[in-house]
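Below: one structure, written as structure tokens.
Keep in mind the model is a prediction, meaning the values are calculated, not measured.
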Amino acid sequence: MISKFKGIFFTASRQKSPNSPSILPPLPYLKPFSTSQILGTKMESEAPAPTLLLLAGKSNEEKDVAKILQDNNTLQLHKNGEQVEVVLHSQVQTPFKDDEFRVEEYFYSLSTTRFGRLLIYSPKLSSTHDVISQNNSDLPVGSVCVADVQLKGRGRTCNVWQSPKGCLLFSFSIQMEDGRMVPHLQYVVCLAMTEAIKAICLEKGTPHLDVRIKWPNDLYLGGLKVGGILSTSVYRSKKFYISAGVGLNVGNEKPTTCLNAVLKRVNPLSRELKREDIIAAFFNKFESFYDVFLEQGFQALEELYYTTWLHSGQRVIVQDRSDDQDQLVENVVTIQGLTSSGYLLAITDDGQMCELHPDGNSFDFFKGLIKRKMS
């Protein structure tokens with residue numbers, strides 16, 4: 001997921017909290033090839049090789065959609081000026097390399113009815129987020145894009161990341177009508193990933209990995225960042241088209257740590273976790289949580305969310321402007337939970353409730369947060 005990021009460390013103390021269109025005629029015959037053949041082909045001209053997008057579907061229905069996307073040349077990456085070459089999974093006859101994403105293994109573990117069933121895979125890609133966000137209106141809800149290597153991944157405040165092999169890198173599409181629920185969606189994604197990792201460890205018989213949520217959208221393990229979530233949306237035709245992106249350090253130990261490195265330290269004989277198993281478990285969890293979220297709101301998931309995040313009862317330093325706006329005043333508050341708008345709910349030592357907003361990317365958990373009093 002992340003091979004370059006700014007260190008963010010905890011400085012506050014934490015207290016324990018109380019208990020279907022028609023199919024067009026086929027394109028001219030395409031000779032079967034493998035992803036490694038494509039990436040290894042030397043181009044005679046200086047023009048960059050096209051980005052490979054491999055389409056696969058779990059059922060015949062999704063496979064038909066993939067064929068339509070290929071025949072209509074639907075998928076584009078206009079923003080980056082990239083040329084794309086779209087290939088169906090059924091057209092790849094040469095076995096993939098060991099470090100490439102295994103589509104069959106992923107689909108075998110996937111049990112959803114909507115999410116993750118149409119897969120767009122690329123060995124090397126600028127950004128999975130761009131594939132989904134730039135084609136969101138043309139893709140079925142729940143379509144996912146996975147890459148082995150990501151060159152221009154997106155982070156908070158427009159940060160750009162290079163992500164090496166060993167990372168689980170994916171983005172997927174969602175559509176929602178109620179804009180009031182959109183801010184909480186990233187929390188559902190975070191929760192689904194932490195619960196998926198727990199489920200995989202239990203299923204595989206490996207030591208438990210206590211991956212926790214650092215608000216608003218980071219994943220931490222043993223005090224080090226191992227993942228992050230980014231959700232963006234656009235509004236058109238009375239719908240919010242959301243692109244949710246996830247990056248998780250699974251097998252890339254540098255620059256911080258990864259899930260498999262921690263497993264090996266705990267038990268050298270532990271089986272390594274696979275990206276395919278984790279993402280399938282994620283969608284299995286997410287689809288269940290998402291249905292609850294739509295029907296009952298985030299309140300129905302809050303209790304579970306609070307057992308997974310790092311902040312219940314945490315004492316943190318926040319900054320606020322003085323009455324004359326000339327200087328910043330530091331105050332200590334205690335985190336209580338989330339507000340209805342998705343920000344942090346805290347209480348001051350004199351009993352005043354306040355809402356905390358992040359100050360860009362500069363907070364040193366949480367020094368630098370802006371405090372806003374609540375009426």
Side-chain angles (χ1 to χ4, degrees), residues 5-19 155-157 159 178-195 210-221 223-233 242 244 246 289 293 296-322 328-375:
F5 67 93
K6 298 179 180 178
I8 301 176
F9 304 95
F10 293 93
T11 58
S13 63
R14 178 161 57 88
Q15 301 173 349
K16 293 185 178 179
S17 57
N19 293 331
R156 296 178 65 245
T157 62
N159 287 334
D178 189 347
R180 296 170 297 180
M181 302 184 72
V182 172
H184 287 87
L185 182 64
Q186 63 180 330
Y187 306 145
V188 181
V189 176
C190 288
L191 180 60
M193 182 52 77
T194 59
E195 292 301 302
D210 190 23
V211 178
R212 308 294 292 275
I213 299 169
K214 173 182 172 294
W215 185 86
N217 55 4
D218 288 332
L219 301 176
Y220 270 62
L221 176 60
L224 295 174
K225 183 173 179 176
V226 294
I229 283 83
L230 174 70
S231 294
T232 63
S233 66
I242 302 166
V246 179
F289 290 160
F293 176 53
Q296 304 177 42
F298 186 72
Q299 294 79 0
L301 299 171
E302 271 190 293
E303 184 176 352
L304 180 60
Y305 179 84
Y306 291 148
T307 65
T308 306
W309 80 337
L310 290 163
H311 315 308
S312 295
Q314 186 172 19
R315 299 274 290 175
V316 299
I317 299 173
V318 298
Q319 294 178 335
D320 204 2
R321 288 285 179 184
S322 60
L328 288 174
V329 178
E330 292 190 346
N331 297 278
V332 178
V333 299
T334 303
I335 303 297
Q336 302 293 300
L338 295 173
T339 67
S340 59
S341 56
Y343 292 103
L344 284 179
L345 176 66
I347 186 171
T348 63
D349 288 343
D350 58 3
Q352 296 185 14
M353 304 302 294
C354 57
E355 184 177 77
L356 304 182
H357 293 220
D359 180 18
N361 208 29
S362 64
F363 54 91
D364 194 16
F365 209 73
F366 275 117
K367 184 175 181 180
L369 283 175
I370 303 300
K371 182 178 71 172
R372 300 185 181 182
K373 297 288 178 60
M374 300 178 64
S375 56

Given side chain to side chain contact (heavy atoms under 4.5 Å, CB included), test V318 with L356 step by step and report yes or no. CA-CA 8 Å; V318 298; L356 304 182; 3.7 Å; yes
Would you sort out whether N331 and V329 count as a side chain to side chain contact (heavy atoms under 4.5 Å, CB included), showing the intermediate values? CA-CA 7 Å; N331 297 278; V329 178; 4.0 Å; yes
Please evaluate residues V332 and V316 with respect to the criterion side chain to side chain contact (heavy atoms under 4.5 Å, CB included), reporting the C-alpha separation (whole Å), side-chain torsions for both, the decisive distance (0.1 Å), and the verdict. CA-CA 6 Å; V332 178; V316 299; over 6 Å; no
Side chain to side chain contact (heavy atoms under 4.5 Å, CB included) between W309 and T194: does it pass, once the steps are laid out? CA-CA 10 Å; W309 80 337; T194 59; over 6 Å; no
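Taking the side chain as every heavy atom from C-beta outward, I213 and Y220 never approach each other to under 4.5 Å. Residues F293 and Y187 have side chains not in contact (no heavy-atom distance under 4.5 Å, counting atoms from C-beta outward). Side-chain contact between I335 and W215 is absent, with no heavy-atom pair separated by less than 4.5 Å. The side-chain heavy atoms of F289 and L304, taken from C-beta on, include a pair separated by under 4.5 Å. Considering only heavy atoms from C-beta on, E195 stays 4.5 Å or farther from V211 through its side chain. Taking the side chain as every heavy atom from C-beta outward, L191 and T308 approach each other to under 4.5 Å. Residues T334 and Q314 fail the side-chain proximity criterion, which asks for heavy atoms closer than 4.5 Å. Contact annotation: the side chain of H311 approaches that of K214 to within less than 4.5 Å [non-hydrogen atoms, C-beta and beyond].
L219 CG to L221 CG: the interatomic distance, rounded to the nearest 0.5 Å, is 10.0 Å. Atoms CG and CG, from L230 and N217 in turn, are 7.0 Å apart once rounded to the nearest 0.5 Å. Atom CD of Q299 is separated from atom OG of S340 by 8.5 Å, given to the nearest 0.5 angstrom. The CD1 atom of I347 sits 5.0 Å away from atom CE of M353, with the distance rounded to the nearest 0.5 Å.
Here T348 pairs with V333, D350, Q352, C354, K371 under the side-chain contact (heavy atoms from CB on, under 4.5 Å) rule; sequence neighbours left out.
A salt bridge is defined here as a Lys NZ or Arg NE, NH1 or NH2 lying under 4.0 Å from an Asp or Glu carboxylate O, and D218 with R212 fails to meet this definition.
In terms of heavy atoms, G227 sits closest to K225 at O-CE, 3.4 Å. Smallest separation of non-hydrogen atoms from S341 and H184: C-CE1, 4.0 Å.
Under a cut-off of 6.0 angstrom, the local environment of OH in Y305 is crowded, with over 12 non-hydrogen atoms contributed by other residues, nucleotides or ligands.
When only modelled atom types and interatomic distance are considered, S231 and Q186 share no side-chain donor-acceptor pair under 3.5 Å.
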